[in-house]
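Report on one structure; see the data block that follows.
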Amino acid sequence: MRSFKNHIVLSIMAVTATNVYFLMWCLLDQHAVEQKITTNLDFYEFMAITNGALIIISLFSITYKNLGDTILEWGYSNAFRFVVLILLSIFIFALACIFLLAIHFHINASYSVTNAISNTVLSPFFGSLIVFFSLVSILMFFISNLERRSGNMFRLMSQSMGNSLKPKLVRRGFMFIDLNDATSLAEKLSSQHYANLLRDCFRLLNELVDVSPFEIYQYVGDEAVITWEMDISNADLKALQLFADFKAYLEENKEAFKKGYGTQPKFKCSIHSGEVVQSEIGKEVRHLVYHGDVLNTASRLLSQCHDYHTDVIISKGSVSNIKNVAEKYDLNLMVCDNLKGKENSIEAFVVTPKDNAATENTSETITFFLASKVTVGHFINNESKVLFKQ
């Protein structure tokens with residue numbers, strides 16, 4: 001869902017930027033605008049056809065991200081990915097223009113569709129348009145890369161406008177997800193294999209986060225930190241469901257993990273929420289960060305998973321509706337009075353899925369935001385979804 005929204009924003013930006021081309025022609029050469037570009041094609045018809053081509057390439061470009069990721073997975077450089085995607089964009093745009101021109105000339109019974117298309121393609125209007133679109137494509141490529149590193153387009157725009165420069169108090173929830181037995185796995189596997197293991201695990205996690213109201217805050221070694229705004233409805237239950245689906249996703253791909261790495265990774269998580277300070281740090285390289293006791297407490301709760309023989313701990317204050325959560329999970333209250341760096345004790349729940357959680361009717365679980373991913377399918381389809389390439 002988030003990727004789709006980002007794609008829409010990028011497409012609107014690309015369409016707007018390309019239409020600047022027509023605005024430039026209108027401002028610089030009004031006489032040329034009033035002339036026919038070629039036989040049976042005036043300026044405004046050409047403009048309409050071009051915008052139709054932009055819509056077509058916007059639909060096609062949904063697959064560009066997947067193709068770009070595949071190119072990187074094949075071992076090619078980001079520069080090669082850049083060249084391939086730009087050339088592909090230009091080719092599809094030109095092809096879409098020619099296709100729509102053919103329809104236009106056919107409807108208008110042009111003397112020769114082929115000659116009319118040839119005259120249009122060889123016109124200075126079309127040539128300059130392709131050059132301008134190439135520059136726009138390059139710009140969109142770099143904006144897309146920045147968006148991927150910022151997490152989403154709206155955060156990138158917010159940071160670009162300087163909205164995050166001044167520290168401010170916000171209320172957010174945090175989930176710390178950490179790989180179990182990370183040290184022994186790092187010793188067992190080579191450095192490259194261990195890095196690939198983390199890459200594949202977090203790729204599965206990203207697929208789930210992408211269709212949720214949550215976002216990845218940061219990766220710290222073998223740990224991922226997820227965050228969300230506290231006013232999200234049923235955030236506590238959705239966070240627990242997200243981790244449950246992540247475990248199920250790992251289980252789905254158990255054979256692929258064992259074949260690729262000789263082990264099946266397991267994770268633990270802690271959840272805590274409250275008031276933190278949001279700010280932007282750095283000068284040449286800037287990052288959006290959160291500071292406060294909430295993150296420290298979440299990190300300390302994560303260390304308690306081993307002591308309490310559980311893989312999920314959620315602070316009591318993070319459970320906004322205990323009745324709803326208790327319908328799907330067993331909650332065992334504990335008091336942590338020995339957390340490192342904490343003077344006061346923290347009340348939290350050890351979370352255990354109920355026995356019937358895995359066999360619920362899918363019509364009930366489909367109401368969750370993960371319905372399009374694992375919630376509905378992971379108990380009925382065990383086919384591996386990821387190729388672990390070494």
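When all heavy atoms of Asp330 and Pro353 are compared, the pair lying nearest together is OD2-O, 4.4 Å. Contact detail for Phe105 and Thr120: the closest heavy-atom pair is CZ-OG1, 3.6 Å. Counting all heavy atoms, side chain and backbone alike, Leu250 lies closest to Cys201 at CD2-SG, 4.3 Å. Of all non-hydrogen atoms in Phe202 and Gly221, the two that sit nearest each other are CE1-O, 4.2 Å.
His291 NE2: more than 12 foreign heavy atoms inside a 6.0 Å radius.
Within the 4.5 Å cutoff, no side-chain heavy atoms of Val15 are placed close to those of Ile55. Contact annotation: the side chain of Phe132 approaches that of Met24 to within less than 4.5 Å [non-hydrogen atoms, C-beta and beyond]. In this structure the side chain of Pro213 never reaches within 4.5 angstrom of the side chain of Trp228, judged on heavy atoms. Residues Ile138 and Phe82 have side chains in contact (heavy-atom distance under 4.5 Å, counting atoms from C-beta outward). Taking the side chain as every heavy atom from C-beta outward, Ile216 and Val225 never approach each other to under 4.5 Å. Using a 4.5 Å cut-off on side-chain heavy atoms (C-beta onward), Ile314 and Phe243 make no contact. Counting only heavy atoms from C-beta outward, the side chains of Leu197 and His193 never approach each other to under 4.5 Å. Side-chain contact between Met334 and Ile313 is present, with heavy atoms from C-beta onward closer than 4.5 Å.
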Discussion item. Under the criterion side chain to side chain donor-acceptor pair (under 3.5 Å), I'd like the reasoning laid out for Tyr261 against Asp200: C-alpha separation, chi angles, the key distance, then a yes or no.
Written reply: CA-CA 11 Å; Tyr261 305 105; Asp200 290 323; 2.5 Å; yes

Worksheet item: Can you check salt bridge (Lys or Arg N to Asp or Glu O under 4.0 Å) on Glu255 and Lys258, steps first, answer last?
Response: CA-CA 5 Å; Glu255 296 303 322; Lys258 288 185 176 180; 5.1 Å; no

Worksheet entry | Step-by-step ring pair (Phe, Tyr, Trp, His ring centres under 6.0 Å) determination, Phe174 to Tyr290 | CA-CA 10 Å; Phe174 292 88; Tyr290 299 99; 5.6 Å; yes

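Panel note: side chain Asn321, backbone Asn324; a donor-acceptor pair is recorded below 3.5 Å. Within the 3.5 Å criterion, the main-chain N or O of Ala298 finds a donor-acceptor partner in the side chain of Ser270.
Annotation: Tyr44 is not in aromatic contact with Phe22 [ring centroid separation under 6.0 Å not met].
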